[in-house]
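First up is the structure itself, then whatever we jot down about it.
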Protein chains: 2
Amino acid sequence: MTDSAAAATTTPTPTDPLLARFVEIVGPGAVLTTAEDMAAHMVEPRGLFHGKARAVVKPATTEEAAAVVAACHQAGVPMVPQGGNTGLVGGNVPFDHGGEVVISTVRMTRIRALDPVNLTATVEAGVVLADLQAAAEDADCLFPVSLAAEGSCQIGGNIAANAGGTGVLRYGNMREQVLGLEVVLPDGRIWNGLRRLGKDNAGYALRHLFVGSEGTLGLVTAATLKLYPKPVATATAFCGVSDLETVTALLRHARAWSGDGVTAFEFMPRFGIEITCRHMPGCSDPLESPWPWYVLIELSSARPDSAASVREDLEGLLGEALEQGLIGDAVLAESLDQRDALWRLRESMSEAQGFEGGSIKHDVSLPVSDIPAFIARANRAVTAAMPGLRPCPFGHLGDGNVHYNLTQPEGMDKAEYLAQWDAMNRIVHDIVVEMEGSIAAEHGVGRIKVGELERLKAPVELEMMRAVKRAIDPDGLFNPGKVVV
Amino acid sequence: MTDSAAAATTTPTPTDPLLARFVEIVGPGAVLTTAEDMAAHMVEPRGLFHGKARAVVKPATTEEAAAVVAACHQAGVPMVPQGGNTGLVGGNVPFDHGGEVVISTVRMTRIRALDPVNLTATVEAGVVLADLQAAAEDADCLFPVSLAAEGSCQIGGNIAANAGGTGVLRYGNMREQVLGLEVVLPDGRIWNGLRRLGKDNAGYALRHLFVGSEGTLGLVTAATLKLYPKPVATATAFCGVSDLETVTALLRHARAWSGDGVTAFEFMPRFGIEITCRHMPGCSDPLESPWPWYVLIELSSARPDSAASVREDLEGLLGEALEQGLIGDAVLAESLDQRDALWRLRESMSEAQGFEGGSIKHDVSLPVSDIPAFIARANRAVTAAMPGLRPCPFGHLGDGNVHYNLTQPEGMDKAEYLAQWDAMNRIVHDIVVEMEGSIAAEHGVGRIKVGELERLKAPVELEMMRAVKRAIDPDGLFNPGKVVV
């Protein structure tokens, strides 16, 4: 592996003792200090937040990471942990006051162990998700977390964000994959909690505090994760459905028919398919006539004899669904290429919205059966507030997770539209909270939802969160201003 | 329902203002103060710990529970939450100084909601596990946590202990079933965290702090739990196996063969089967000749068409296992009665040991493939320390969980033997920790393992646990002296 960090030419200002200390710890090539060198670390993927930092430091080992954190702690300097920098809520970039140090895990890329017998892998925080998926597959196993950014997001970030994605219905969120963690605590001490155990009740489940804490409690440096037997066969279908109530009924039918063997159940609106096919290369509507809603269903099985039976299952499931009026039309993927093409429709939907102007995003969850009522109610509220608005709700219906994205009215000025971000959020989040949902389903809180969380969460829960934050990070040095303030 | 609490005749001493306050809150019948009335609440099932208390209070609602806790908090009186009082580590009974108040959830027995569409149930802490299982079954669902004490243990206690049992391999521990919690915090405030969501990243995962905290952070009053589609078919077999390495190979074969469809995989030694058949009514060895080890395997499926296929699967799995030399003999349950008889062998094993004299218990976990080496090593160490000792290791092999129980040498004085409890624990736990296992797999720490936890856990982890305890229970009023000191 080429060590790109070591190849960089940045030399930190030797007069700043903290930067000099970083250089001692990680070497000069792994300390970035100029605006140019740091640029890629200062902006999040949507460009909503730009920050500045005193330095970006790239430790290569846990010990180096601990020494970097200890130096910052001693100097009272706040730190922002950063993985692949693909997070969508601004938790991964510093504020613009420039006083923070970004600690990047990009050099911590070792897969320390992969155990197909016990179905566990111990990996460092900087391992790219797709690299872990590939390593697991090489060992005839599956690492089931899968999401659009998997080619660049890192395991440490997936843990910090409790990543969701398309495999949650069958395998759970990132949280459910974490058996153990290694964490550098805010004062620089290392907690080695790398357990490989199916059961462990020896004290509080501290790992669960760090999963989903978005870098506010410490720096995750490594994790022991669950693996699964590799599926032998997968079958994928794309269905047209008449209304959203029927989409939820189709989910129930699919779960029952398959004995809870549904691996993915993604829903999309007609508007989303239209703009995706219009703007994204290689995307086309696989069905003959338009439908108000679309569902991508996937079944898979790890049974050795399931190569043919999974496809037969899906055919039977769809035949019965057609008979019951749960779907209007459907196409089954006949090849891996066709499967990829169907998934591309779903995975490109977010990007496609960019071609239609501004998009105000929500990442919410509700009990599955309440989703039709939620979308109807939210659509009414937002279009009443702004006529011509084009809702594009899609996502992981099986998990009750809706990406409730709002494309701007045609012809409106984009900046003027995006200025309504907070106002739209408040309208949608109020409905979500009233319906007992979550305003941060899988992307987290970060910086973008701190205010909404404070506005909408029960005071007793905010106080508990603050008490936990103080207990683990008493000086408030880890990712301050994110998640809870 | 007869309210047995209301039928009791105890009247608290009116001169004690705290007890008078309890009577105001819950009524006189729900406050026990005499040694006689409190007796059942003062001793844990094995009789290892006896305690005393100032009172046993039985709130019927969350609001009553909160008022009781607030009164104790104001008076600075420590509290011991108690459910079905079936815990095996002394966490559920008070100390013998008599200054604590036991808060029993026995009257909080409402199933508040059961939602077969979204597969969730919201239940109060005092619901007996078997009652939830039955209610789920009535709704054509499964609540998968199952353990020997299910007829009397309560959901609140299952959550506090993060109960394990026999369904973990397929469905996970109690922790994995908990979507949301309602908790009375140590100062009497109510935290309503009863969410029904598949994804929720709006802040820290506070529920996971309470799951497994054994009543040291607050009083769980209700929970929203996951349900699953009810299995249509189950097939059960009892196998004789030549050695422990082969037992672990059989597990791998069974998981691969069934596409990860193994619901239970329990292992037992010949000695355990012998004493169980000798002492327990209705238990007999179903195999023709003796084997060093036995395995109970269960497959199940929720597929509507699986009634016959699950049994065929198990037959195929066993046939192949026989051919590969993974099993020496096997019997399949032909009826529900036969299935119950096979399970009785496993479930009675702990009780059977009582007939052979003293039994020193360990509840440990390791990576599955390390279990043969662990048992060989531990057997050598304990029999070297005490010749004639009769190890009876059994349990949930699929979870890496061994009940490493040690039956006394024949003819030895029982009390003399039990006096060696701590010494034996140290020998076994040292090996477990060296092999990266847990000394508290599914029964928890309670009172019995506090010292061992302090001796064996990394100081940094103990300090984090103490920091969390102080953050949530700053006055140290909830179950003090348990889990972490």
Side-chain angles (χ1 to χ4, degrees), chain A residues 117-118 162 164 168 173 176 189 191-193 196-206 208-209 211-213 228-229 252 255-256 258-260 301-304 306 365 367-369 399-401 436-442 444-445 453 457-458 460-461 464-465 467-468 470-472 483-484, chain B residues 117-118 162 164 168 173 176 189 191-193 196-206 208-209 211-213 228-229 252 255-256 258-260 301-304 306 365 367-369 399-401 436-442 444-445 453 457-458 460-461 464-465 467-468 470-472 483-484:
Chain A
V117 173
N118 292 303
N162 183 24
V168 176
N173 294 286
E176 280 75 44
R189 287 177 302 166
W191 171 49
N192 181 349
R196 300 174 290 147
L197 306 170
K199 286 180 178 171
D200 179 21
N201 281 336
Y204 302 151
L206 297 171
H208 283 295
L209 272 186
V211 180
S213 68
Y228 298 80
R252 289 197 293 279
R255 293 187 76 166
S258 65
D260 221 12
S301 171
R303 292 177 56 99
S306 60
S365 63
V368 172
S369 66
D399 315 318
N401 181 189
E436 298 182 18
S438 170
I439 64 163
E442 65 170 7
V445 176
L453 208 69
K457 234 188 201 335
V460 62
E461 188 161 339
M464 286 166 73
M465 285 173 59
V468 166
R470 278 195 305 272
I472 306 294
V483 184
V484 64
Chain B
V117 173
N118 292 304
N162 183 22
V168 176
N173 295 286
E176 279 75 43
R189 286 177 303 165
W191 171 49
N192 181 349
R196 299 174 290 148
L197 306 170
K199 286 180 177 170
D200 179 21
N201 280 337
Y204 302 152
L206 298 171
H208 283 295
L209 273 185
V211 179
S213 68
Y228 299 80
R252 288 197 293 279
R255 292 188 78 168
S258 64
D260 222 12
S301 172
R303 291 177 57 98
S306 61
S365 64
V368 171
S369 65
D399 315 318
N401 182 190
E436 300 182 16
S438 171
I439 65 164
E442 64 170 6
V445 176
L453 209 68
K457 235 189 201 337
V460 63
E461 187 161 337
M464 285 165 73
M465 285 173 58
V468 166
R470 277 194 306 270
I472 306 293
V483 184
V484 63

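A note on names: the letters A, B, ... follow the listed sequences, proteins ahead of strands, and every chain is numbered from 1.
Between chain A and the options B:I439, B:V483, B:V484, B:N401, heavy-atom pairs under 4.5 Å are most frequent for B:N401. Between chain A and the residues B:G400, B:S306, B:A256, the largest count of heavy-atom pairs under 4.5 Å involves B:A256. Looking only at heavy-atom pairs under 4.5 Å with chain B, the residue among A:A441, A:S301, A:G164 that has the most is A:A441. Annotation: maximal heavy-atom pairing with chain B below 4.5 Å, among A:V211, A:D399, A:N201, occurs at A:N201. Considering only heavy-atom pairs separated by less than 4.5 Å from chain B, the leading option among A:A202, A:A467, A:G198, A:G437 is A:A202. Between chain B and the options A:S438, A:A205, A:A458, heavy-atom pairs under 4.5 Å are most frequent for A:S438. Taking chain B as the reference chain and counting heavy-atom pairs below 4.5 Å, the highest number among A:R252, A:K457, A:E461, A:R255 is found for A:E461. By number of non-hydrogen pairs under 4.5 angstrom with chain B, the leading residue of A:V168, A:D260, A:N118, A:L209 is A:N118. Of the listed residues (B:R470, B:E176, B:E436), the one with the most heavy-atom contacts under 4.5 Å to chain A is B:E436.
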- Criterion side chain to side chain contact (heavy atoms under 4.5 Å, CB included) on B:L453 and B:M465, from CA distance to verdict: CA-CA 11 Å; B:L453 209 68; B:M465 285 173 58; 4.1 Å; yes
- Apply the test side chain to side chain contact (heavy atoms under 4.5 Å, CB included) to residues A:I472 and B:V468: give CA-CA distance (whole Å), side-chain angles for both, the deciding distance (0.1 Å), then the verdict. CA-CA 8 Å; A:I472 306 294; B:V468 166; 4.2 Å; yes
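In this structure, chain B has heavy atoms under 4.5 Å from both the backbone and the side chain of A:S213. Interface residue B:V445: backbone and side-chain heavy atoms are both found under 4.5 Å from chain A. Both the backbone and the side chain of A:R196 have a heavy atom closer than 4.5 Å to some heavy atom of chain B.
Between the side chain of B:N162 and the backbone N or O of B:N173, no donor-acceptor pair lies under 3.5 Å. At least one donor-acceptor pair closer than 3.5 Å links the side chain of B:S365 to the backbone N or O of A:K199.
With values rounded to the nearest 0.5 angstrom, B:W191 atom CH2 is found 5.0 Å from B:L206 atom CG.
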